[in-house]
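Read the structure below first, then the notes.
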Amino acid sequence: MSSAPSSPANAASSPATAPFDRGHTDDLMTFLAASPSPYHAVANAAERLEKAGFRRVEETAAWDGSFGGKYVIRGGAIIAWYVPEGASPHTPFRIVGAHTDSPNLRVKPQPDMGREGWRQVAVEIYGGPLLNSWLDRDLGLAGRLTLRDGSHRLVNIDRPLLRVPQLAIHLDRQVNEGMKLERQRHMQPIWGLGDAHDGDLLDFVATESGVDAEDVAGWDLMVTAIEAPAYLGRDRELLAGPRMDNLISVHACVAALAAVSAEKDLPYIPVLAAFDHEENGSEADTGAQGPLLGNVLERSVYARGGGYEDKARAFAGSVCLSSDVGHAVHPNYSERHDPTHHPRPNGGPILKVNVNQRYATDGSGRAVFAAACDKAGVPWQSFVSNNDMPCGTTIGPITAARHGISTVDIGVACLSMHSARELCGSDDPYLLANALVAFLEG
């Protein structure tokens, strides 16, 4: 841990550098509940940025070099940036990155299926969810419909609609000795009784969304955990909720960007980059592997009268904090963690390190992150994986390699990562946001 103050109560003591307190976590809970899909998360982020004075620009339009806050939306991704007065074409960027998607079950193109008098919805597994966490849970449906005129309609059926029922123990006496779930056979949720008919689900979703099913040309729908986020524990020290990987970071990044956009004389151009499809490799036009971030940053330079040399100078001086959740030490499985690195809930954000570049952090990045936490009065922790258990990865190495921008991987420590319902310390979201503010300020 750093030498920064170790008590979360001290982390938000200075209004000038630490604008967020527990009210930030209360607001996060609202954001989680209102963002059942990447498309909702982006819409909610955009609404918050609009209130902070940002305006949307279209990728197909010509951009001007005016100062102020702007943002671009593409599907489940949003890039937002604030150009302070006096910024030159070669002013470097300070980027906070995250992803909007979470592992879940997604509706197939022909969704209507059934067996033995049960009506079911055909789903495909998205990302790497903990499959057992979706069993015997009341589930909803969310996403978007694409209409024939090319417009989109958000869908959020936020009530008990679906369920993936587990087999009773009487029919599988060995289940507590080990359960194996077949993705195709065991994970198809039920949503009623009777025979399945083609078009039933689409008709239902269209009606719920206030459109005619004949006007629907396509859809991107996913099963959602509908139980509301909640504080947990005797002293409400913990926060439980869905999609915390990685909407904790998206929410913190939006809040931090909005906060610094009210300041004057920023030495950098602060940027939010929230991508989709991180959970399945980021290879999409809305993913970190795609050109979206690079295009936006380049066009920002050129719109301010810059050329290739200005862009090269700006990128060379830029830094990105890639924020994603990491693993808190698990009290029942502590041997699975590195013996000298045990991140604790409410111990502040974690610095994620992997020498094989599954995380992009190096010593210089550590110094940048430590300086931001010190400025904000925020404690922080280090995370590395047990050598016998290779870690996952993030948008961090992708951003560094694709754009040549120095990148640091950080996040919030949690339990039950990739579960339908995850758990973290209730102080950590606002500690993260305060660190991001200090980083964006420079």
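Note that the coordinates shown come from a computational prediction; the quantities given were computed from them, not determined experimentally.
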- Where is the tightest heavy-atom contact between His40 and Gly143, given as atom of each residue plus distance? CE1-O, 3.4 Å
- Task: Taking only Lys NZ, Arg NE, NH1 and NH2, and the carboxylate oxygens of Asp or Glu, determine whether Arg153 and Asp215 approach each other closer than 4.0 Å.
- Result: no
Ignoring hydrogens and angles, write down the donor-acceptor pairs under 3.5 Å from the side chains of residues 222-229, residues two or more places apart or on other chains.
none

- Residue pair Asp428 / Gly347: nearest heavy atoms and the distance that separates them: OD1-N, 3.5 Å
- Which pair of heavy atoms, one from Trp380 and one from Cys373, lies closest together, and at what distance? CD1-CB, 3.6 Å
Show me the donor-acceptor pairs, under 3.5 Å and distance only, between side chains in residues 77-85 and residues at least two apart or in other chains.
{"unit_1": "Tyr82", "atom_1": "OH", "unit_2": "Ser261", "atom_2": "O", "d": "3.4"}

- Enter the distance from Arg402:CZ to Ile395:CD1 here, rounded to the nearest 0.5 Å. 13.0 Å
- Spacing of CD belonging to Gln357 relative to CG belonging to Asp362, to within rounding of 0.5 Å: 7.5 Å
Show the atom names and distances, to 0.1 Å, of all donor-acceptor pairs under 3.5 Å that link a side chain in residues 324-336 to residues at least two apart or in another chain.
{"unit_1": "Asp324", "atom_1": "OD1", "unit_2": "His99", "atom_2": "NE2", "d": "3.3"}
{"unit_1": "Asp324", "atom_1": "OD2", "unit_2": "His99", "atom_2": "NE2", "d": "3.1"}
{"unit_1": "His330", "atom_1": "ND1", "unit_2": "Asn332", "atom_2": "N", "d": "3.1"}

- Message: Show the nearest heavy-atom pair for residues Tyr71 and Ala46, with the distance to one decimal.
- Response: CE1-CB, 3.7 Å
- Heavy-atom closest contact (Ile125 atom, Arg183 atom, distance): CG2-NH1, 3.3 Å
- Message: Please identify which of these residues, Lys70, Arg304, Arg299, meets the salt bridge (charged side-chain N to carboxylate O under 4.0 Å, His left out) condition with Asp64.
- Response: Lys70
- Query: Just checking, is any N or O donor in the side chain of His418 or Glu279 under 3.5 Å from an acceptor N or O on the other one?
  - Reply: yes
- Shortest non-hydrogen contact between Leu266 and Glu441, atoms and distance: CD2-CA, 4.1 Å
- Is the CD atom of Glu124 crowded by more than 12 outside heavy atoms at less than 6.0 Å? no
- Query: Say you draw a straight line from CE of Met244 to OG of Ser249; how long is it, rounded to the nearest 0.5 Å?
  - Reply: 10.5 Å
- Query: Roughly how far apart are Ile157 CD1 and Phe204 CZ, rounded to 0.5 Å?
  - Reply: 4.5 Å
- Does the side chain of Ser426 come under 3.5 Å of the side chain of Arg22 through a donor N or O and an acceptor N or O? yes
- Task: Using distance alone, with no hydrogens and no angle criterion, decide if Tyr39 and Asn156 have a side-chain donor and acceptor under 3.5 Å apart.
- Result: no
- Query: How many angstroms lie between CG in Asp310 and CD in Glu298, if you round to the nearest 0.5 Å?
  - Reply: 12.5 Å
- Message: Looking only at side-chain N and O atoms, does Asp409 offer a donor or acceptor that is under 3.5 Å from a partner on Ser322?
- Response: yes
